[in-house]
Asker: 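Shown below is the structure under consideration.
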Amino acid sequence: MSYRRDHRASRSALLDNFDSIEEGGLRASSSYSHGISDHDNEGAMGSLQDKVSFLKRLTGDIHEEVESHNRMLDRMGNEMDASRGIMSGTMDRFKMAFV
């Protein structure tokens, strides 16, 4: 479960400055005099790159988890089919014994 808590914490850290983005913290401006300075822009770009790389790793982890669950479900389905065959044979023997 700590894996999920770590991702929640990372997700909240990822979205901490989202409100400032929506409020215009990263708005495009034709003039730097009342827009973002180059230094602030580079800092924001670095932050966005970190967030994008985090999201990329997170989606990779999700993909691996989904693949793992699909393999597990396939194995369970195969085992259920085998169990169904065994039960069918057992029921046929009961029918022969009691008929």
Side-chain angles (χ1 to χ4, degrees):
M1 287 298 190
S2 67
Y3 178 76
R4 288 185 180 161
R5 274 186 256 133
D6 291 342
H7 279 298
R8 285 187 194 128
S10 297
R11 183 176 54 193
S12 66
L14 176 71
L15 300 176
D16 277 346
N17 294 327
F18 190 69
D19 293 333
S20 68
I21 292 171
E22 285 185 339
E23 293 169 359
L26 294 176
R27 68 179 169 264
S29 175
S30 60
S31 171
Y32 283 125
S33 62
H34 56 359
I36 300 173
S37 71
D38 286 338
H39 178 39
D40 291 340
N41 194 22
E42 287 178 16
M45 288 293 289
S47 175
L48 285 175
Q49 286 174 341
D50 292 343
K51 291 175 183 181
V52 167
S53 64
F54 169 76
L55 288 173
K56 186 175 181 180
R57 284 191 313 271
L58 182 62
T59 56
D61 291 346
I62 290 170
H63 176 74
E64 289 175 14
E65 189 75 17
V66 167
E67 291 292 322
S68 170
H69 287 178
N70 282 339
R71 284 190 301 273
M72 181 183 64
L73 289 172
D74 286 342
R75 283 193 309 269
M76 285 177 58
N78 292 338
E79 291 171 2
M80 292 299 286
D81 288 342
S83 298
R84 188 177 300 124
I86 292 169
M87 286 298 283
S88 177
T90 303
M91 291 303 293
D92 289 343
R93 285 193 288 278
F94 270 125
K95 286 179 188 175
M96 288 174 55
F98 292 109
V99 173

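Since the model is a prediction, treat every value here as computed from it, not as a measurement.
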Asker: Can you list every pair that meets salt bridge (charged side-chain N to carboxylate O under 4.0 Å, His left out) and has a residue in residues 71-83, with sequence neighbours left out?
Answerer: Asp81-Arg84
Asker: Given the rule that I, L, V, M, F, W and Y join up when any side-chain heavy atoms are under 4.5 Å apart, are Ile62 and Met72 in one cluster?
Answerer: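 Looking at the clustering, Met72 is in a separate group from Ile62.
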Asker: To the nearest 0.5 Å, how far apart are NE2 in His69 and CE in Met76?
Answerer: 11.0 Å
Asker: How many angstroms lie between CD in Glu64 and CG in Asp61, if you round to the nearest 0.5 Å?
Answerer: 6.0 Å
Asker: Are Arg57 and Phe54 packed together at the side-chain level, in the sense that at least one heavy-atom pair is separated by less than 4.5 angstrom?
Answerer: yes
Asker: If Ile, Leu, Val, Met, Phe, Trp and Tyr residues are connected whenever their side-chain heavy atoms lie under 4.5 Å apart, and connections chain through other members, are Val66 and Leu58 in the same group?
Answerer: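 Same cluster.
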Asker: So does Gly43 get a backbone contact from the side chain of Ser47, meaning a donor-acceptor N/O pair under 3.5 Å?
Answerer: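 No.
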Asker: Rounded to the nearest 0.5 Å, what separation is found between the CE atom of Met87 and the CG atom of Asp92?
Answerer: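 Between atom CE of Met87 and atom CG of Asp92 there are 11.5 Å.
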